[in-house]
Amino acid sequence: MKRIVIVGTQWGDEGKGKITDFLAQKADVVVRYQGGNNAGHTVVFHGKKHSLHLLPSGILNPNIQNVMANGMVINPKAFVEEIDKLQNFNLSISDRAHIVLPYHLELDKAYEHFRGNEKIGTTHKGIGPAYTDKSSRLGLRVSTFIDPEKFKARLFELMKVKNQELRKLGAPRFIAEEVYEEYLKYASVMAPYVKDTSVLLNQAIDDNKKILFEGAQGVLLCLDHGTYPYVTSSSPTAASVPLNTGIAPWLIDGAIGVTKAYTTRVGSGPMPSEILGDLANQIREIGNEYGTTTGRPRRIGWLDTVVLRHTKRISGLSYLAVTLLDVLSGIDELKIAVSYEFNGKTITDIPAEMSDFEACKPNYITMPGWKEDITQVKSFEALPVQAQNYLNQLCELVGVPLAIFSVGPDRSQTIQVKPIF
Ligand code: GDP
Ligand code: IMO
Ligand code: MG
């Protein structure tokens, strides 16, 4: 395979950044194709941790061409803060991506406030409002943003509408001149990287380059195929890559489904295999399950193969990369959800209505756990037999072969069992 999508198979934070960084060692190009700085991707190597929010996870390697594609929504202030920490990198930004402005963040907070008990639990990064403006043709694109005159005209026009909206919601309003002055500085930092990245990517494909498309979030947070309305406002599936990067669909060779060895979720919405109490706390502490972007504690659950088969069907998965296996060491019995009981019937697909999904009670199989510390393991065969069985069972239930597993956050704790590129 030459052109591969890295897909989060659950509710995000599966370790996509880590797997992208690992595979990027053999890639030429890494592309972020949706989302914005709601994402938090952790990359660890040589003992050093890097948290990426907008930048693709190949950015730490100067030999890799990194692309922020047209499907992204980019907060310029956050971009400048992130890029300021780096020195030697290779980056291009799509002239057709959309800009997240300060009023998007306020609108995000205001909508959440009005949802009351139905809160989505967004990251408050303005992602929903920015994509809404894109769809309603009230957005600001990068190409306009980096032209000072055009930016000014468009911003002033948009802010008339947006300030009215903010006023109605009782949210803070903004002075267009002040936003313009501040954001002009960010525009000048972004401008040198801006180009038509569809042209760049199609050229890279013609040149037979190896390309990784790094998804943010996970398929269960997909606007169309996730647990709506408890989702994000873009599509993290493999199908979203062509539209969001400007390449033809048949140029994608396959997808790696990054899967946590258990389940986590930040924010609201159903999660049938959720575990509460001491065991959840134990897993949260060992796995350091706190959000990379917001610091919120992640909800914890058993591995759910109904969810994973849903992801496989929606997105297509060539291989699985199973992460955080080490976190399960020391748990006597491991459960895996294989189907749900709903309205007196056994079901194997996810209902569309969230009140129905909430009512689903998982049917589990139970597998013996292992006691050994596996963080230094370097091969599949070196894993305790129970851990081998757990991985084998998982892959069999999902119907997708294993290509990678990981036993710690560092790049060196990632083990490849099948060739990919
Ligand atoms: P992403 O959003 O999918 O890129 O994932 P995050 O970076 O938000 O969350 C994954 C977390 O798990 C990060 O803190 C990683 O450093 C960590 N991590 C990744 N793989 C492993 C692993 O195999 N074992 C352990 N213990 N931690 C891991
Ligand atoms: P990465 O790329 C986990 C969740 C939020 C909330 C919902 C909507 O690190 O896996 P939004 O701010 O997007 O409107 O929030 O989606 N969410 C994520 N959860 N990982 C992420 O990204 C997420 N990005 C958004 O918690 O439930
Ligand atoms: Mg994350």
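Quick caveat, the model's predicted, so the values are computed rather than measured.
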(Q) For the backbone of P270 and the side chain of R265, can you confirm whether one donor and one acceptor N or O come within less than 3.5 Å of each other? (A) yes

(Q) Within the supplied structure, the quantity of interest is the number of heavy atoms (other residues, nucleotides, ligands) at a distance under 6.0 Å from Y290 OH; does it exceed 12? (A) yes

Q: Would you sort out whether I404 and V322 count as a side-chain contact (heavy atoms from CB on, under 4.5 Å), showing the intermediate values?
A: CA-CA 6 Å; I404 296 172; V322 179; over 6 Å; no

Q. Under 3.5 Å, is there a donor-acceptor pair between the D196 and S94 side chains?
A. no

Q.
Tell me if a side-chain donor or acceptor on T20 pairs with a main-chain N or O of K16 at a distance below 3.5 Å.
A. yes

Q: Please confirm whether the backbone N or O of G58 pairs with a side-chain atom of N66, one donor and one acceptor, at under 3.5 Å?
A: yes

Q.
Before you tell me yes or no, could you show the steps for T122 and D108 under side-chain hydrogen bond (donor to acceptor under 3.5 Å, both in side chains), namely the whole-Å CA-CA distance, both residues' side-chain angles and the distance that decides it to 0.1 Å?
A. CA-CA 8 Å; T122 74; D108 196 354; 3.0 Å; yes

Q) Do Q65 and S92 have side-chain N/O donor and acceptor atoms under 3.5 Å apart? A) yes

Q.
Applying the side-chain contact (heavy atoms from CB on, under 4.5 Å) criterion to F145, which one of I74, I99, L184 satisfies it?
A. I99

Q) After noting the C-alpha distance and the side-chain angles of K109 and E112, does the key distance pass the salt bridge (Lys or Arg N to Asp or Glu O under 4.0 Å) rule? A) CA-CA 5 Å; K109 281 185 219 158; E112 279 288 83; over 6 Å; no

**Q.** Working for side-chain hydrogen bond (donor to acceptor under 3.5 Å, both in side chains), residues N392 and E396
**A.** CA-CA 6 Å; N392 285 337; E396 197 179 311; over 6 Å; no

**Q.** Test item: N61 side-chain N/O and I59 main-chain N/O as donor-acceptor pair under 3.5 Å
**A.** no

(Q) Apply side-chain contact (heavy atoms from CB on, under 4.5 Å) to residues W11 and T263 and explain how you reach the verdict. (A) CA-CA 8 Å; W11 278 278; T263 308; 3.7 Å; yes

Q: With the side chain counted from C-beta on, respond yes when E285 and Q282 share a heavy-atom pair under 4.5 Å apart, and no when they do not.
A: no

Q.
Tell me if a side-chain donor or acceptor on Y111 pairs with a main-chain N or O of G128 at a distance below 3.5 Å.
A. no

Q) Does I256 reach the side chain of V5, with side-chain heavy atoms less than 4.5 Å apart? A) no

Q | Candidate pair K260 and E14, rule salt bridge (Lys or Arg N to Asp or Glu O under 4.0 Å), full reasoning | A | CA-CA 5 Å; K260 206 170 264 199; E14 298 90 348; over 6 Å; no

Q: Specify whether Y180 and F151 have parallel, tilted or perpendicular ring planes, treating 30° as the upper limit for parallel and 60° as the lower limit for perpendicular.
A: tilted

Q) Looking at F79 versus H53, is the centre-to-centre ring distance below 6.0 Å? A) no

Q: Check the side chains of Y183 and E178 for a donor-acceptor pair under 3.5 angstrom, ignoring hydrogens and angles.
A: no

Q: Would you check, one step at a time, whether the test side-chain hydrogen bond (donor to acceptor under 3.5 Å, both in side chains) holds for T294 with R296?
A: CA-CA 5 Å; T294 58; R296 289 178 291 177; 3.0 Å; yes

Q) Distance only, no hydrogens: is a donor on one side chain within 3.5 Å (strictly under) of an acceptor on the other, for S235 and Q34? A) no

Q: Quick one: do E289 and Y262 satisfy side-chain hydrogen bond (donor to acceptor under 3.5 Å, both in side chains)? Show the steps, please.
A: CA-CA 11 Å; E289 294 294 0; Y262 46 97; 2.6 Å; yes

Q.
Tell me whether the count of non-hydrogen atoms from other residues, nucleotides or ligands lying under 6.0 Å of CG in D278 goes above 12.
A. no

Q: Give a yes or no on whether K168 atom NZ has more than 12 heavy-atom contacts from other residues, nucleotides or ligands under 6.0 Å away.
A: no

Q) Does D28 reach the main-chain N or O of K209 with its side chain, forming a donor-acceptor pair under 3.5 Å? A) no

Q. Do T259 and T9 have side-chain N/O donor and acceptor atoms under 3.5 Å apart?
A. yes

Q.
With a 4.0 Å cut-off on N to O distance, would you call D349 and R309 a salt bridge?
A. no

Q.
So for atom NZ, which belongs to K119, do other residues, nucleotides or ligands contribute more than 12 heavy atoms lying within a distance under 6.0 Å?
A. yes

**Q.** Candidates N363, D356, D304 - the one meeting side-chain hydrogen bond (donor to acceptor under 3.5 Å, both in side chains) with Y340
**A.** D304

(Q) Is the positively charged end of R411 above the ring of F45, judged by distance under 6.0 angstrom from the centroid and angle within 45° of the axis? (A) yes

**Q.** I93/M190 under side-chain contact (heavy atoms from CB on, under 4.5 Å): CA gap, chis, key distance, verdict
**A.** CA-CA 8 Å; I93 303 172; M190 262 171 91; 4.0 Å; yes

Q) Would you say the side chain of F89 lies within less than 4.5 Å of the side chain of I83, judging by non-hydrogen atoms? A) yes

Q: Indicate whether any N or O donor in one side chain lies under 3.5 Å from an N or O acceptor in the other, for E214 and S57.
A: yes

Q. Under 4.5 Å between any side-chain heavy atoms of S318 and I4, yes or no?
A. no

**Q.** Donor-acceptor pair, side chain of D410 and main chain of Q413, under 3.5 angstrom
**A.** no

(Q) Between T227 (side chain only) and Y230 (backbone N and O only), is there a donor and an acceptor less than 3.5 Å apart? (A) yes

(Q) Just checking H124: does its NE2 atom have more than 12 heavy atoms from other residues, nucleotides or ligands closer to it than 6.0 angstrom? (A) yes

(Q) Test side-chain contact (heavy atoms from CB on, under 4.5 Å) on T245 and F213; report intermediate values, then the result. (A) CA-CA 9 Å; T245 62; F213 297 93; 4.0 Å; yes

Q: Apply the test salt bridge (Lys or Arg N to Asp or Glu O under 4.0 Å) to residues D95 and R141: give CA-CA distance (whole Å), side-chain angles for both, the deciding distance (0.1 Å), then the verdict.
A: CA-CA 7 Å; D95 47 11; R141 299 214 294 185; over 6 Å; no

Q: Report yes or no: do T414 and K18 form a side-chain donor-acceptor pair below 3.5 Å?
A: yes

(Q) Can you confirm whether K195 is buried at NZ, in the sense that more than 12 heavy atoms of other residues, nucleotides or ligands lie under 6.0 Å from that atom? (A) yes

Q: Find out whether the Lys NZ or Arg CZ of K77 is both under 6.0 angstrom from the six-membered ring centre of Y186 and within 45° of the ring's axis.
A: no

Q | Step-by-step salt bridge (Lys or Arg N to Asp or Glu O under 4.0 Å) determination, E157 to R154 | A | CA-CA 5 Å; E157 185 190 322; R154 180 79 174 153; 3.6 Å; yes

